[in-house]
Amino acid sequence: MNSFSDLGLSAPILRAIKESGYEQTTPIQSRVIPTILEGKDLIGVAQTGTGKTAAFSLPLIQCLLKDEGKRKARTARSLILAPTRELVIQISDNICDYSKYLHLRSTIVFGGASEKPQIKAIIPGVDILIATPGRLLDLMSQGHIKLNEVEFLVLDEADRMLDMGFIHDIRKIIKELPKKRQTVLLSATMPKSVTTLANSILIKPVRVEVAPAATTAEKVRQYVMMVPKSRKRDLLAHVLKDTEIKRVLIFTRTKHGANRVTTFLEKQGIPSAAIHGNKSQNARQRALNDFRDGAVRALVATDVAARGIDIDSVTHVINFELPNEPDSYVHRIGRTARAGATGISYSFCDHEERTYLKDIEKNIRQSVPVFERHPYHEEGMAPAPTDSAKNGKTGGRPNRNTRNSKPGNKNRRSNSQKPYKRAKTTAGKQTVKPN
Ligand code: AMP
């Protein structure tokens, strides 16, 4: 079953789906939508890029239609918790699109922005509240929001929420919800902490898994560049001379690192912007919009800030620093190769990061070919470069014979891993719908 019209969604929802440009359900959607419509609890193991947001939003919207207009003041009929402001906005944009022919009311709550408009929006009551845990708890403890009417709870990117230390906030929030409710938990990975949380809040959940976390890696052409730490900036400037690199997401490990790289790029005349937790919500949204519109070519981000961001046509991902968590690598390179494109990632690896690289390769079950045709190649794990290679340009071919690279890997892709086209949304647009 891969047609939306077979799923029991009502006509206004189907019309909105069609206008979003979706022709068929994705694998996760064809399994999750009917399960949620049957009223069952659900655990979904899926990453961004699989269509997971629509998978839970569409049946949620359908369920809320049953008692349209049942909203009560200062409360919500459904609650979606997500780890970051960006993800909250993205989910909200999607929900606004899918429910544009209906009279449901949704609103967003997240930190780093003024509380006032958020409080005002909840006063008449909403059908869908999308929130980060910290700010929601703040507004609850000040008495602005009550959760005693929530019939439907979604935890999106549960693994990330726990990584970010939200477990206590989540537990406090869940305590305030009615016991009789439907609960859906989505997570890219299923570490023990997420399983424990799931066991304590879901009742006889159906488990749906679409693709193991590591497989995103297979659709991205990945290269590693061995470079001394002190030459990474030079290498970055060198790599960015390649005009094929049109829209590049650059990852650093720290916020300061992101700022330093951005300043460096600006000095080199490369329009760039940084996005991380120290930036105001407005600054982050502006950076994202500029990147989307092509006003800046390079967006420099930390893992947390970039998580879940859905931007089409990121041509390249550069890991200026390798992450020490192998899963973060998969999330990072998964920001490219969306919407059917083939993405390319370059990871700058200095001597100290070689253990991270080993862990990453173990996790993705493939070795990353070494790209040694650049002027700053550092010998070590990879064979010494030839003289001609030393002077080569980025546009040259990587040495695919080094470190047992498997040339066939990039072509292996199962159906469940195909990226899906994204409908155009305006991040940050007003999400409170008039009645
Ligand atoms: P998500 O996994 O929710 O981050 O969604 C990834 C992208 O896929 C988003 O840009 C969605 O708009 C898009 N998408 C979701 N469902 C479909 C579908 N059935 N067909 C085409 N694109 C879709």
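Ligands are counted one by one from 1 in listed order, and the atoms in each one are counted from 1 as well. Along the sequence shown, residues are numbered consecutively beginning with 1. Note that the structure is a prediction, hence the values are computed from the model and not measured.
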Does one side chain, of E19 or Y98, offer a donor that lies under 3.5 Å from an acceptor on the other? no

Do F371 and Y346 have ring centres separated by under 6.0 Å? yes

Looking only at distances, please establish whether an N/O atom of ligand 1 is found under 3.5 Å from an N/O atom of A54. no

Can D159 and T189 be counted as having a side-chain donor-acceptor contact under 3.5 angstrom? yes

Can you check whether Q29 has an N/O within less than 3.5 Å of an N/O in ligand 1? yes

For S200, the side-chain contact (heavy atoms from CB on, under 4.5 Å) test, sequence neighbours excluded, returns R171, L197

Which option out of F56, Y98, Y22 puts a heavy atom nearest to atom 21 (C) of ligand 1? Y22

Residue Q24 vicinity, atoms of ligand 1 by number, heavy atom under 4.0 Å: 18 (C), 19 (N), 20 (N)

Under 3.5 Å, is there a donor-acceptor pair linking the side chains of N259 and H276? yes

When only distance counts, is T50 in polar contact with ligand 1, meaning an N/O pair under 3.5 Å? yes

Which ligand 1 atoms are under 4.0 Å away from a heavy-atom of F4? 19 (N)

Without placing hydrogens or testing angles, list every side-chain donor-acceptor pair under 3.5 Å for residues 52-62, not counting sequence neighbours.
unit_1: K52; atom_1: NZ; unit_2: D156; atom_2: OD1; d: 2.9
unit_1: K52; atom_1: NZ; unit_2: D156; atom_2: OD2; d: 3.1
unit_1: S57; atom_1: OG; unit_2: T53; atom_2: O; d: 2.6
unit_1: Q62; atom_1: OE1; unit_2: S10; atom_2: N; d: 2.8
unit_1: Q62; atom_1: OE1; unit_2: S10; atom_2: OG; d: 3.3

Please list, in number order, the atoms of ligand 1 under 4.0 Å from a heavy atom of G51. 1 (P), 2 (O), 3 (O), 5 (O), 15 (C)

